[in-house]
Amino acid sequence: HYSDQEIGALLHGAHQVRVMPDVIERLVRTLNNPPRELLYRLTLPIGSFEQAEVAILASVTPAIDRPLERFHTLLGPWVQRDTDTSFLVSPLVRPLGQTELNEDVRKQCYRQLAEAVTRKGTMSQHECSNAIVYNLLAGEHGRALTLYVLLLMAAVKEQRSTHIVRTVDMWRNTPLPTGVSVGNQLFVRAYQLTAFIEFGLDTTYILRDIDALLGQATERDGWGIIALAAQSVGKFRERDASRALRYVRRAIALPALYGPDGEAMECDEIAPVKMLWMLVTELRSQSLLHEWFDAIEALPEDEAERFW
């Protein structure tokens, strides 16, 4: 058994180099490979887990046979009961999932954990937050960002984010994950604008990033530009009407509109031209009024006629 001092030291990162070899030696001595591999996989869930997660993690290739039988050999020193139905891995072995598992196996485990959450259909904000983290760890950046936007929308709708503020606050001062399109990034930043203003979070970096992304965007990213324009005519227009007008004008200027799949699409909600009317209440300076009329004068003739 480990002393309270050893466990405390490990949890705080002190003496980990000295303690971990002893942990691994005891694991190798007391467990053969299948249950040991299962134990490493069980370090991956966030917080506690249930027997359903045991089966899910054991099914990842290379599969571990008789998972419940293997699992029961771990109960005691390595896995403890948290409640009648949930379990916790000992903090002594939790770091080993990152070092002892094959990277492909680890990513596939995270992918399966994410899918287990999203398969439920209805998720709490906490479950959605976990699924975002699982997808990021699995390298599924597109899925993580989609869930993040859903989380932002839910937080704004419920007007509360206290218990998930760290997740809502993701990427506030950092770039979005790599490997996703400019349109997708604009879409995320658009919903961040709405949520961050709702909860009083700083938007300085987000606005700089939006400017950079708009400089890279093409008509193929139009769906993200439309989302940005639509979100900017909400509460954001009260803070920076000039910038909101600029976003709307960029949306109006799109020669064609394509969705994230590259297929032509229509605006299901409000057309970008009509967004100009939503900015009228914020035209409180001569310069803003001029900018607004400039936007109208820049419209194609048929659009300008319909506008009035």
Side-chain angles (χ1 to χ4, degrees), residues 136 139-146 148-149 152-153 168-198 201-276 278-279 282-283 285 287-300 303:
L136 287 173
E140 298 286 355
H141 296 162
R143 292 185 183 186
L145 290 177
T146 298
Y148 176 58
V149 169
L152 293 176
M153 293 168 68
V168 168
D169 200 26
M170 291 176 77
W171 301 297
R172 176 162 63 91
N173 294 309
T174 57
L176 292 167
T178 57
V180 294
S181 70
V182 170
N184 200 344
Q185 292 181 65
L186 283 169
F187 187 79
V188 174
R189 292 304 195 193
Y191 280 91
Q192 280 184 310
L193 268 187
T194 297
F196 283 24
I197 288 172
E198 181 70 33
L201 300 173
D202 183 61
T203 60
T204 303
Y205 182 90
I206 290 172
L207 293 173
R208 283 205 308 268
D209 195 41
I210 287 172
D211 289 343
L213 290 168
L214 287 173
Q216 304 168 39
T218 69
E219 63 183 71
R220 292 289 173 177
D221 303 303
W223 63 285
I225 296 172
I226 292 290
L228 176 63
Q231 293 302 308
S232 72
V233 295
K235 287 187 177 181
F236 177 72
R237 75 177 191 268
E238 301 170 8
R239 176 179 295 188
D240 194 337
S242 179
R243 189 181 286 267
L245 179 57
R246 178 149 49 90
Y247 296 160
V248 171
R249 293 189 69 173
R250 181 64 187 271
I252 292 172
L254 289 168
L257 183 57
Y258 298 93
D261 58 359
E263 298 293 322
M265 62 176 285
E266 300 286 337
C267 275
D268 293 330
E269 300 296 332
I270 184 170
V273 171
K274 293 182 179 179
M275 295 179 194
L276 288 172
M278 301 175 71
L279 294 168
E282 307 307 320
L283 304 178
S285 70
S287 61
L288 272 175
L289 190 60
H290 282 311
E291 287 180 44
W292 190 79
F293 276 112
D294 286 345
I296 297 169
E297 290 172 2
L299 294 173
E303 288 275 12

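All values below come from the heavy atoms of this structure, side chains included, with hydrogens, waters and symmetry mates left out.
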May I have all residue pairs that pass side chain to side chain donor-acceptor pair (under 3.5 Å) and include part of residues 173-189, sequence neighbours excluded? R189-Q192, R189-D209

Below 4.5 Å, heavy atoms only, C-beta onward: do L193 and I206 meet side chain to side chain? yes

Sorted by chain and number, sequence neighbours left out, side chain to side chain contact (heavy atoms under 4.5 Å, CB included) with A217 holds for V182, L186, D221, I225, R250

I'd like to know if the side chain of R172 reaches the main chain of Y205, judged simply by a donor and an acceptor atom lying under 3.5 Å from each other, with no hydrogens or angles considered. no

Taking only residues two or more places apart in sequence or in another chain, which ones pass side chain to side chain contact (heavy atoms under 4.5 Å, CB included) with L283? L288, L289, W292

Using salt bridge (Lys or Arg N to Asp or Glu O under 4.0 Å) as the criterion, list what pairs up with R249, not counting sequence neighbours. none

Could you tell me which residues satisfy salt bridge (Lys or Arg N to Asp or Glu O under 4.0 Å) with D240, sequence neighbours excluded, listed by chain and number? R243

Between A241 and E282, which heavy-atom pair has the shortest distance, and what is it? CB-CB, 3.7 Å

For R239, the side chain to side chain contact (heavy atoms under 4.5 Å, CB included) test, sequence neighbours excluded, returns I197, T203

Please list, chain by chain and in numerical order, all residues satisfying salt bridge (Lys or Arg N to Asp or Glu O under 4.0 Å) with K274, sequence neighbours excluded. none

Who pairs with A190 by side chain to side chain contact (heavy atoms under 4.5 Å, CB included), at least two apart in sequence or on another chain? A227, L228, Q231

Correct closest heavy-atom pair for A195 and L152 would be CB-CD2, 3.8 Å

Looking only at heavy atoms, the pair that brings V168 and Y148 closest together is O-OH, 2.7 Å

Find the distance between CZ (R246) and OG (S232) and round it off to the nearest 0.5 Å. 10.5 Å

Keeping to residues at least two apart or across chains, list the ring pair (Phe, Tyr, Trp, His ring centres under 6.0 Å) pairs with something in residues 212-250. F187-W223

Which residues pass the side-chain hydrogen bond (donor to acceptor under 3.5 Å, both in side chains) test with T218, sequence neighbours left out? none

Determine whether L245 and L276 make a side-chain contact, defined as any pair of heavy atoms from C-beta on separated by less than 4.5 Å. yes

What is the minimum heavy-atom distance between I226 and P272, and which atoms define it? CD1-CG, 3.4 Å

Partner set under salt bridge (Lys or Arg N to Asp or Glu O under 4.0 Å) for E219, not counting sequence neighbours: none

Looking only at heavy atoms, the pair that brings D261 and E263 closest together is OD1-N, 3.0 Å

Could you give me the CA-CA distance, side-chain angles and deciding distance for E291 and L279, then say whether side chain to side chain contact (heavy atoms under 4.5 Å, CB included) is met? CA-CA 11 Å; E291 287 180 44; L279 294 168; over 6 Å; no

Atom pair CG (D294) and OG (S287), whose distance is rounded to the nearest 0.5 Å: 11.0 Å

Please list all pairs passing the salt bridge (charged side-chain N to carboxylate O under 4.0 Å, His left out) test where one or both residues lie in residues 225-236, with sequence neighbours left out. E198-K235

